[in-house]
Amino acid sequence: MAPLQLLGSENQRPRFFGPCVVEAIGIENGGWLANSAIQQLSKSPLDVWNPPTRRPVVVLQSRRSTEIGWRRAHPEELRRYFGEWVALEGRRIVAHGTSLAQVVREARIEGIAIPYVFRVDDLNDATAIMGL
Amino acid sequence: MPTFSYPYQMAYSDLGQLGHIPALQVGIQTINGDASPIDIDAYLDSGAMFSLFDGAVLSALNLNVLDGRLRLVSPIRGPAVETRVLPVRLLHEHLGNFDLEIGFSTSQISRNLLGRDFFDRVQIAFREHHLTFYINPTP
């Protein structure tokens, strides 16, 4: 085992390797992907000596963050609509029903050009979800 | 060591009882853009070979699910899910528009999935422990 491998991850990081590469992909200091011995022996000197220019990461908020926050805060109210489609605009339910097409039509009658719609699932705390 | 940069960071969607979900809220409309879109949740699912949406979405776009070609989707258990593949346009204010051929279920499903056809258009990195993902809207 190389001596460098005996060090903690924070000490494996070679001094000449700037912090910008790590931060560019959002990995915290110490969250190292491979030990520094591997990096120093790497055949890609470009990565070591010329790390890419650091660019700030833009933190995006969903344009439906208000609605998502409302869903999180009002499970009891949503429970009234189990199995139904709901059109939510801001903190207001503008339409609901079992037909998505009808819910969208009603939301547009209410003046919502692009309604945010979702179906209220009948889940409980013992339920985990997967893709299919 | 290859490095990758991601211009955008997003938090998982905290949907309360459903927990934190890596998802995007996207607009969906017809491929020629002749109908107003609707906004829906779409879960990021790198294990899905193709994107799969609830067929009810098509009715809201005035499209007929049966107009699409048949594709059967094999779930982790139980019979195959019948879908019909139709071209649609997904809209995201930061990531851009994505014209995809999405499978729409002919029966009710619980959630809309963005599968590997979507991952083919963007680069995504997950930090599950931080309930965060990073996204670069280039292949």
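All heavy atoms count here, side chains included; hydrogens, waters and symmetry mates do not. Convention: sequence-line order gives letters A, B, ...; per-chain numbering from 1.
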If you define the side chain from C-beta out and look only at heavy atoms, does anything of [X] sit under 4.5 Å from [Y]?
X	Y	answer
A:Val57	B:Tyr8	no
B:Gln25	A:Ile68	yes
A:Arg63	B:Asp39	yes
A:Ile114	B:Pro37	yes

Applying a strict 4.5 Å limit to non-hydrogen atoms, the region of B:Leu58 in contact with chain A is neither
The interface call for B:Ala56 against chain A, heavy-atom contacts under 4.5 Å, is both
Per-residue tally against chain A (heavy atom, under 4.5 Å) across B:Ile40, B:Asp54, B:Leu24 peaks at B:Asp54
Can you say whether [X] sits under 4.5 Å from chain B via the side chain, the backbone, both, or neither, judging by heavy atoms?
X	answer
A:Gln61	backbone
A:Pro75	neither
A:Val59	both

- prompt: How far apart are the closest heavy atoms of B:Asp41 and A:Arg71, and which atoms are they?
  reply: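 Looks like OD2-NH1, 2.7 Å.
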For A:Arg119 and B:Ile109 the tightest heavy-atom approach is NH2-O, 2.6 Å
- Query: Would you say the side-chain atoms of A:Arg108 pair up with the backbone N or O of B:Ser36, donor to acceptor, closer than 3.5 Å?
  - Reply: yes
If you measure from [atom1] on [X] to [atom2] on [Y], what distance do you get to the nearest 0.5 Å?
X	Y	atom1	atom2	result
B:His20	A:Arg72	NE2	CZ	7.0 Å
A:Leu100	B:Leu61	CG	CG	8.5 Å
B:His94	A:Ser62	NE2	OG	9.0 Å

